[in-house]
Asker: 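Dumping the structure here so I can ask a few things about it.
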Amino acid sequence: MEFKKIEQKWQTSWEKEKLFEVNEDSKKKKFYLLEMFPYPSGEGLHMGHALNFVIGDVLARKKIMDGFNVLHPMGYDALGLPAENAAIKAGTHPQDYTNKAIKHYIEQQKALGITYDWTRVVNTADPKYYKWDQWIFLKMFEKNLVYQKESSVNWCPKCNTVLANEQVQNGKCWRHEDTNVEIKKLKQWFLKITDYADELYEGIDKLEDWPSKTRAMQKNWIGKSHGTEIEFEIPAFGEIKDKEFVFLHAFGDNSKSAFWVWLKKEIEQRGCKVAFAPNLPNADNPSLEEQEKHVLNNYDFKENSVLVTHSLGGTLAMKIIPKLKTKINGLLMVAPPLKCEYKDNKKRPILEKYCDWKFDFKKIKNNVKKIIVIEDEKDHIVPFGHPKEIAKELDAKYVLGIGNQTHYNSDKEQVVLNELVEVWPIFTTRPDTLFGVTFMVVSAQHTKLMDLVTDEQKSDVEKFLKKLNSVSEKELDQMEKEGVFTGSYATNPVNGEKVPVWAGNFVVADYGAGMVMAVPAHDQRDYEFAKKYDIEIKQVIAPYHVETNGEDAVRKDKKVIKRDSVFALVKHHKEDKYFCLDWKKFKWKSFVIGGVDDGETPEEAVRREVIEETGYSDIKSIKPIAFETHAEFYAKHKEINRYGKYKAFLVELASDKHEKPSDEHTKNHEGIWVEKNKVSGFINLENNRLVWNDYIKGGAAYTENGKLINSSEFDGINNREAIDKITLHLKKQKIGKKVINFKLRDWGISRQRYWGTPIPIIHCEKCGAVPVSEKDLPIALPKDVEFGEGNPLETNEKWTKTKCPKCGGSGKRETDTMDTFVNSSWYFLRYADPNNDKEIFDKKKAKYWCPIDQYVGGAEHACMHLIYSRFYTKFLADLGLINFREPAKKLFHQGMLQGEGGVKMSKSKGNVVLPEVVSEKYGIDTSRLFLLSLAAPDKPRDWSEKGIQGSLRIIQKIFDYFQDTKFGKDNEKTLSKLNKTIKEVTLDIEDFAYNLAVIKIRQLFEYIEGETISKDTAEKFLKILSPFCPHIAEELWEKIGNKPFISNAKWPKANEKLIDEKLEKIEGVLDTLRGDILKIKELAKLDSVSKVKIFVAPAWKWDALAIVKKACDGKPDFGAAMKALMSKDEMKKQGKAVQPFLKAVMSRFGELSDLEKFDEVKAIEEVKVALEKEFGSIEIIKAENSKEAKANNAFPGKPALLVE
RNA sequence: GCAGGGGUUCCCGAGCGGUCAAAGGGGCAGGACUUAAGAUCCUGUGGCUUAGUGCCUUCGAGAGUUCGAAUCUCUCCCCCUGCACCA
């Protein structure tokens, strides 16, 4: 068989006749099928890629034959780092490298015989394509979906560029498994994908025909969670209450000027009186000497003094501080001038003579613990840069903000307040636990971490950070929760409690505020952390059990009496046993349990109860354990409902010193020592068991529901309800609100590399970042650049130097290029109109073809490409360019093709299977058939050299069969089999069950092989074969005398009426008969057979069969038959006995299904004819009834034989 | 840990309440054809048993629902894939 000749013949022919080129046709229904376009690597296509394309192709061919107008295009994701790196390595230009790779890909793909419309190729490296990347970018810019921001980025030192979050895997670069990603700070371009976060998330549910796995992954990635944002304040200079605040006002101001009034109020609100806020003498014509004297004479600086200054007040402070004998706590300078220079360039002689404008920064630094300098970006007095310079000299924290009024002159300046008391909006899903916050944890990676660290803690924190940096990412993953105290305290806004702020390695820096409120009593992570560092654990939710069953069940008509109570886990002094009570009056089995009397502490109550109830009095220790539990039940003896609040204690005995408990106690219950491992089975009180479980676990956070305790006005509320109630409370107080938080971050698209779409921005000194005007697109990549260190685009000055589109002044082009995922985010739309120079695509064309009806591609894109594409689709829909909001209706992930023995294919292992090599040996149709028959298309499969032989065999057989076949007339069985196969294969292809379809086609052929068939049957067979083996099918189609092409012939429709199961049954009978005759012949050592007598039982005359047949209504249905024969009760009694009988009946269902039609005589005649061909004379003896049949040893479907 | 998907006879893989000792392929065994090998074709491929048949055991382990379970439910074990301390 000359595969190659046949393949080439048809591939050329298809192309010549433009068989797969399509145009919009309103009369035809469209079907848009797309396989994810490949990245054209220099290594070319391997069999795994081919699998992906072939999976799509089978469906495409089927849909073409179904009469759809099938858009099945192909393109190349040609921009990207690998091309650049490979090009550098090979010493070529990425453009040349890519062009060559694409050429090779096209050759390889054409050889696969796929139905691509080659006139629609999209190449992302073509400026005609990426022009529209830039166009979309500009549109996003217009809509405020693009911004630039300095940010910490993931930097791969090997790629020499930034990576998106999605491209970082376990701290490694997605392309370099061995390379740790570094964190760098760079100014980056971002797309505001988060604006679409909610729609992207909610839309997932509507993507019903996407794999559930992909949908789950996307949901997880976008990560929507509902919660509450709560404002925690962290005073910059430590606890405000302990401080003495001193204010020094500005030139011309006084102590009643706006600035001081609001600040004073804020400080007083936080429980602190401002110690000293003088009217400085001669504020309008100040003298340093005079003012200095005034301050020093009227206020004694102390260790806890915090000096807050505004403008010239800062100058005064910087003169005073070096003269102080004590080191003061803090200095906050708002907009301080450094020199006597002014924004308006006017001279100010009054101020020039104020002082010498020289400062002893070193002494200032020494005399103040913490310094903060705030600058106003729009300051109209102090020139920009002065405060920054001061901050630099003083090693101070520098803050750049914008005042409500310039120079921070308004009557409330949030920027200033935020520095004094930093507000951290903490995200939590558990506001119900707010009263249980005992510490805060800020991410060790947080940019503001060092601002929170006090001098005392600085070295500890630095040590901790150093340690984190020294562990590899892998170890970091498995690292235990660790942390270090920052020295700062946050204020719990709901009760004003001070809680320590820790830095921890387990908090994610860019989720929420990067700081969490920790509630160790009710969160396992926080619990472990608190245990490790011995931080207070405060329970705020008590497990609550209300008895609803039995005689202890709470009675509505009785009143509820609350009581503080205790349990005691009394441990045996020597053995591992615990003292339990078996109650006589109740069904209770409990620990020692009792109420706390008036004036008694819980410990005292425990001691009393233990001695009374157990008789053991030599108590070594009483320790509180576990948590408070609440239980409500009916106390029969007191006729009240008891609401008990139980505290639990572990009581250890020192000896077995023991006195018999009084009768009063022994009549109530019996005391038993229970072994530790049996306690859990013994105890039957719910809360006793809870406490016990916690005790044997060694303690854990209680994360279940319950009632609030220790939560002031919210005590007693169910915690689920408290979530809303506390949130509402916070909202009223303006310290919290309901929020929805997403894990999804904005998409950083800047890449500092050459081979990507240039970002259409020009930087101008005057105008900042200015978008290129639309008419100047595309901004094409200059070919002339040098590759080496840094961004190659920087090396072409001709290209970078340009004019500002706004002011016409000199400008510099942005040299960052776009992430390649930008290119692939909308390419599927371009196929609708790939050569349009005027628009991104014609709206009408896009409307006709899009969205994608079936998308096929690897599961590895579940979170990157597929989310970005959805984002772009939504954006373009918002621009009005398209009328749908999701890119693809159906999505299918093909399975991986692995090498021989299940090993991953790789160049280094040398097990890469190349399609051209395999085709050479077996032909591409054989490879297609084999790939598809290995496993369901979505499952991984292993390549096997032996396995493909099987496919080759069948192809060869099919080919040979049609070489010299004479067609005749079909018999009924052929028609039945043919139609059944058509029906099933049609469904299998639609369901992507290609492996099953292949089996059925094979089975049909194996049957056909031994039969005479009609030309029509041959044609139908070739048609259903053609999606899998298009070349062979095309060749044989021609061979049997048809005009090309089978590829666009009409897909056959199954004629259900011709499907006849009974024929298969006759075949089965025939087979067994033949086998039996042969066996008898062998056993009897007969040389030849002269006569065979067959005794046949009239199976189909049994009454039961008629009933069954009726019940089943054409389809074999065991259950229905069962129900028809007997009632449910009978079934229960006799079902088992009837089953064998029914089974036998069902096994002949083919006969039943056409009871009326079935021609008994004819069937027997058929058997006779068939057997006579082989064995000569056959006599068939029919029994009149089953009795007679039995007498002759014949049973329904199992004839008896007599062979002579 | 969370989410998704799995564990089927020698291997790969279908089946997903009754016609199931379970498709198909590969492997293996036997036979036919050949001097032989290969290719091809046929037969067999859990165990015991019959002339036909029937019985027992088996679809990760255990329990359950049902007249009936590879298939449904629960628990457990193991594997893969993805996310990973998301507050």
Side-chain angles (χ1 to χ4, degrees), chain A residues 169-170 211-217 219-221 223-225 227 426-430 433 441 443 476-481 504-508 510-519 523-526 528-529 741-743 859-860 862-863 896 902 930 933-936 938-942 944 946-947 949-951 953-954 956-957 993 995-996 998-1000 1002-1003 1009 1061 1065 1072 1075-1076 1079-1080 1083 1095 1112 1115-1123 1126 1128-1140 1142-1150 1152 1193-1195 1197-1201:
Chain A
Q169 285 156 7
N170 294 323
S212 58
K213 183 182 161 187
T214 305
R215 292 159 63 195
M217 276 167 75
K219 276 207 164 181
N220 190 25
W221 188 263
K224 183 179 181 177
S225 56
I426 301 300
F427 180 73
T428 178
T429 53
R430 293 293 304 276
T433 62
V441 189
S443 168
L476 205 69
D477 276 351
Q478 290 142 14
M479 223 166 118
E480 224 184 305
K481 286 156 199 48
N505 62 351
F506 64 96
V507 177
V508 179
D510 65 356
Y511 183 76
M515 188 190 282
V516 298
M517 60 179 229
V519 187
D523 180 284
Q524 193 54 32
R525 275 178 323 224
D526 299 345
E528 283 162 28
F529 195 85
N741 224 336
F742 292 95
K743 279 202 266 182
E860 68 273 18
C863 278
M896 274 260 286
F930 175 58
S933 61
L934 267 175
D938 58 337
K939 296 274 169 63
R941 76 227 34 229
D942 304 345
S944 129
K946 263 187 183 159
Q949 309 272 357
S951 296
R953 273 201 287 274
I954 188 85
Q956 187 72 55
K957 278 204 275 181
N995 52 332
L996 302 184
V998 169
I999 287 169
K1000 282 160 194 165
R1002 271 177 101 132
Q1003 283 172 341
E1009 224 184 349
E1061 308 274 350
K1065 291 294 161 187
T1072 35
D1076 289 343
K1079 201 161 185 182
I1080 292 170
L1083 285 169
F1095 298 91
C1112 292
K1115 272 179 204 152
D1117 183 343
F1118 204 105
M1122 199 82 180
K1123 273 177 207 150
M1126 55 182 64
K1128 220 161 184 187
D1129 283 347
E1130 283 173 316
M1131 227 186 266
K1132 267 189 184 154
K1133 277 182 221 144
Q1134 298 177 45
K1136 226 164 202 153
V1138 173
Q1139 271 179 59
L1142 200 52
K1143 224 170 208 174
V1145 173
M1146 297 307 283
S1147 72
R1148 286 184 288 284
F1149 199 86
L1152 314 184
N1193 267 333
F1195 295 88
K1198 305 278 191 277
L1201 295 176

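Because the structure is predicted, anything quoted here is derived from the model rather than measured. A note on names: the letters A, B, ... follow the listed sequences, proteins ahead of strands, and every chain is numbered from 1.
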Asker: Contact class for A/Gly223 vs. all strands (heavy atom < 4.0 Å): base, sugar-phosphate, or nothing?
Answerer: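 Contact class for A/Gly223: none.
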Asker: What's A/Gln1003 touching, base or sugar-phosphate or nothing? Going by heavy atoms closer than 4.0 Å.
Answerer: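 Sugar-phosphate only.
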Asker: Using a cut-off of under 3.5 Å, enumerate the N/O to N/O pairs linking the protein to nucleotides 9-14 of chain B.
Answerer:
none

Asker: Which heavy atom of A/Cys863 sits nearest to which heavy atom of A/Trp221, and what is that distance?
Answerer: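 Of all heavy-atom pairs spanning A/Cys863 and A/Trp221, the closest is SG-CB, 3.7 Å.
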Asker: Can you tell me the pairing partner of B/rA14 across any strand shown, Watson-Crick or G-U wobble, with both distances under 3.5 angstrom?
Answerer: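 For B/rA14, the partner nucleotide comes out as none, under the 3.5 Å rule.
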Asker: Quickly work out the A/Gln524 CD to B/rC86 C1' distance and round it to whole Å.
Answerer: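 That distance rounds to 17 Å.
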Asker: Using atom P in both nucleotides, what's the gap between B/rA87 and B/rA23 to the nearest angstrom?
Answerer: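 It works out to 49 Å between them.
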Asker: Tell me what A/Val507 touches on the nucleic acid: a base, only sugar-phosphate, or nothing, going by heavy atoms under 4.0 Å.
Answerer: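 The answer is base, as A/Val507 lies within the cut-off (heavy atoms under 4.0 Å) of a base atom.
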Asker: Using the test side-chain contact (heavy atoms from CB on, under 4.5 Å), find all partners of A/Asp523 that sit at least two apart in sequence or belong to another chain.
Answerer: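 Applying side-chain contact (heavy atoms from CB on, under 4.5 Å) to A/Asp523 gives A/Arg525, A/Asp526.
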Asker: Which whole number of Å gives the distance between the C1' atom of B/rG7 and that of B/rC16?
Answerer: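 Comparing C1' positions in B/rG7 and B/rC16 gives a spacing of 14 Å.
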Asker: Provide, to the nearest angstrom, the distance between the CG atom belonging to A/Asp523 and the C1' atom belonging to B/rC85.
Answerer: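 Between C1' of B/rC85 and CG of A/Asp523: 10 Å.
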Asker: Where is the tightest heavy-atom contact between A/Ala859 and A/Lys213, given as atom of each residue plus distance?
Answerer: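 Answer, listing the atom of A/Ala859 first, then A/Lys213: CB-NZ, 4.4 Å.
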Asker: Looking only at atom P, what distance separates B/rG54 and B/rU50, rounded to whole Å?
Answerer: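 These two P atoms come out 15 Å apart once rounded.
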Asker: Closest heavy-atom contact between A/Val998 and A/Ser933?
Answerer: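 For A/Val998 and A/Ser933, the tightest heavy-atom pair comes out as CG1-CB, 3.6 Å.
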Asker: Could you please name the partner base of B/rA3, counting Watson-Crick and G-U wobble pairs only when both distances are under 3.5 Å?
Answerer: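 In the structure as shown, B/rA3 has B/rU81 as its Watson-Crick or wobble partner.
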Asker: Find the distance A/Met517:CE to B/rC86:C1' and express it as a whole number of Å.
Answerer: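 About 15 Å, once rounded to whole Å.
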Asker: Please list, chain by chain and in numerical order, all residues satisfying salt bridge (Lys or Arg N to Asp or Glu O under 4.0 Å) with A/Arg430, sequence neighbours excluded.
Answerer: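 Checked A/Arg430 against salt bridge (Lys or Arg N to Asp or Glu O under 4.0 Å); matches are A/Asp432.
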Asker: Would you kindly give the NZ-to-C1' distance between A/Lys743 and B/rC83, to the nearest whole Å?
Answerer: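 For the pair A/Lys743 NZ and B/rC83 C1', the rounded distance is 6 Å.
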Asker: Can you check the distance between B/rG31 and B/rA22, where both ends of the measurement are the C1' atom (answer in whole Å)?
Answerer: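 Taking atom C1' in both B/rG31 and B/rA22, they lie 27 Å apart.
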Asker: Tell me which nucleotide, if any, is Watson-Crick or G-U wobble paired with B/rU53 when both distances must be under 3.5 Å.
Answerer: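 By the stated definition (distances under 3.5 Å), nothing pairs with B/rU53.
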Asker: If B/rG38 has a Watson-Crick or G-U wobble mate with both distances under 3.5 Å, name it; if not, just say none.
Answerer: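 No nucleotide pairs with B/rG38.
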Asker: Quick one: the side chain of A/Lys481 and the base of B/rC85, do they pair up donor-acceptor inside 3.5 Å?
Answerer: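 When only heavy-atom distances are counted, A/Lys481 does reach the base of B/rC85 through a donor-acceptor pair under 3.5 Å.
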Asker: Which of these nucleotides, B/rG82, B/rC85, B/rA23, is closest to any side-chain atom of A/Val508?
Answerer: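 From the listed options, B/rC85 comes nearest.
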Asker: Which pair of heavy atoms, one from A/Asn995 and one from A/Ala936, lies closest together, and at what distance?
Answerer: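 Looking at all heavy atoms of both residues, the shortest contact is ND2-N, 3.3 Å.
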Asker: Say we look at B/rU81 and B/rG15: how far apart would their P atoms be, to the nearest angstrom?
Answerer: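 Looking at atom P only, B/rU81 and B/rG15 are 23 Å apart.
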Asker: Could you give the distance separating B/rA39 and B/rG27 at their P atoms, to the nearest angstrom?
Answerer: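 Rounded to whole Å, the distance is 9 Å.
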Asker: Using the P atom as the reference point in each nucleotide, state the distance between B/rG38 and B/rC56 in Å, no decimals.
Answerer: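 Result for the P pair: 43 Å, nearest Å.
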Asker: Tabulate atom names and distances for all N/O pairs under 3.5 angstrom spanning the protein and nucleotides 39-42 of chain B.
Answerer:
from, atom 1, to, atom 2, distance (Å)
B/rU40, OP1, A/Arg953, NE, 3.3
B/rU40, OP1, A/Arg953, NH1, 3.2
B/rU40, OP2, A/Arg953, NH1, 3.4
B/rC41, OP1, A/Lys957, NZ, 2.5

Asker: Do you know which two heavy atoms are closest between A/Pro940 and A/Ala935, and how far apart they sit?
Answerer: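 Heavy-atom minimum between the residues: O-CB, 4.2 Å.
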Asker: Once you round it to whole Å, what is the distance between C1' of B/rC83 and CH2 of A/Trp221?
Answerer: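 Rounded to whole Å, this separation is 8 Å.
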Asker: For A/Asn220, does its backbone N or O pair with a side-chain atom of A/Lys743 as donor and acceptor, under 3.5 Å?
Answerer: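 A pair under 3.5 Å: yes.
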Asker: How close or far is atom C1' of B/rC86 from atom CG of A/Asp510, stated in whole angstroms?
Answerer: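 Distance, rounded to whole Å: 10 Å.
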Asker: When you match A/Thr214 and A/Phe506 each to their closest nucleotide on RNA chain B, which lands nearer the 5' end?
Answerer: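 Its nearest nucleotide lies further toward 5', so the answer is A/Thr214.
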Asker: A/Lys219 NZ to B/rA84 P: how many Å, rounded?
Answerer: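 Value for this atom pair: 19 Å.
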Asker: Does the structure show a Watson-Crick or G-U wobble partner for B/rG44, both distances under 3.5 Å? Name it, or say none.
Answerer: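 The base-pairing partner of B/rG44, which may sit in any strand shown, is B/rC28.
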Asker: Toward the 5' end of RNA chain B, which comes first, A/Ile999 or A/Phe427, by nearest nucleotide?
Answerer: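 Nearest-nucleotide comparison on RNA chain B picks A/Ile999.
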Asker: Any idea which of B/rC85, B/rA87, B/rG4 is nearest the A/Thr429 side chain?
Answerer: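 So the side chain of A/Thr429 is nearest to B/rA87.
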Asker: Among residues at least two apart in sequence or on other chains, which ones pass salt bridge (Lys or Arg N to Asp or Glu O under 4.0 Å) with A/Lys957?
Answerer: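 In terms of salt bridge (Lys or Arg N to Asp or Glu O under 4.0 Å), with neighbours along the sequence ignored, A/Lys957 is linked to no residue.
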Asker: Is a side-chain donor or acceptor of A/Ser443 paired with a backbone partner of A/Val507 at a separation under 3.5 angstrom?
Answerer: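 Yes; judged by distance alone, with no hydrogens or angles, the pair exists.
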Asker: Which one, B/rA84, B/rA87, B/rG4, comes nearest to the side chain of A/Arg525?
Answerer: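 From the listed options, B/rA87 comes nearest.
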Asker: What is the distance, rounded to the nearest whole Å, between atom NZ of A/Lys213 and atom C1' of B/rU81?
Answerer: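 Rounded to whole Å, this separation is 5 Å.
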Asker: Which nucleotide, B/rU81, B/rG25, B/rG82, lies nearest any side-chain atom of A/Met217?
Answerer: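 Nearest to the side chain of A/Met217 among the choices is B/rG82.
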Asker: If I pick the P atom on B/rA70 and the same atom on B/rU65, what distance separates them, to the nearest angstrom?
Answerer: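 So the two P atoms sit 16 Å from each other.
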Asker: Watson-Crick or G-U wobble partner for B/rA22, using a 3.5 Å limit on both distances?
Answerer: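 Its partner is none (no Watson-Crick or G-U wobble pair with both distances under 3.5 Å).
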Asker: Tell me every residue that passes side-chain contact (heavy atoms from CB on, under 4.5 Å) with A/Ile426, counting only those two or more places apart in sequence or in another chain.
Answerer: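 Once residues adjacent in sequence are excluded, the partners of A/Ile426 under the side-chain contact (heavy atoms from CB on, under 4.5 Å) criterion are A/Phe232, A/Trp424, A/Met440, A/Ala513, A/Met515, A/Met517.
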Asker: Measure across A/Tyr511 and A/Phe742 and return the closest heavy-atom pair with its distance rounded to 0.1 Å.
Answerer: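 Minimum heavy-atom separation between A/Tyr511 and A/Phe742: CE1-O, 3.7 Å.
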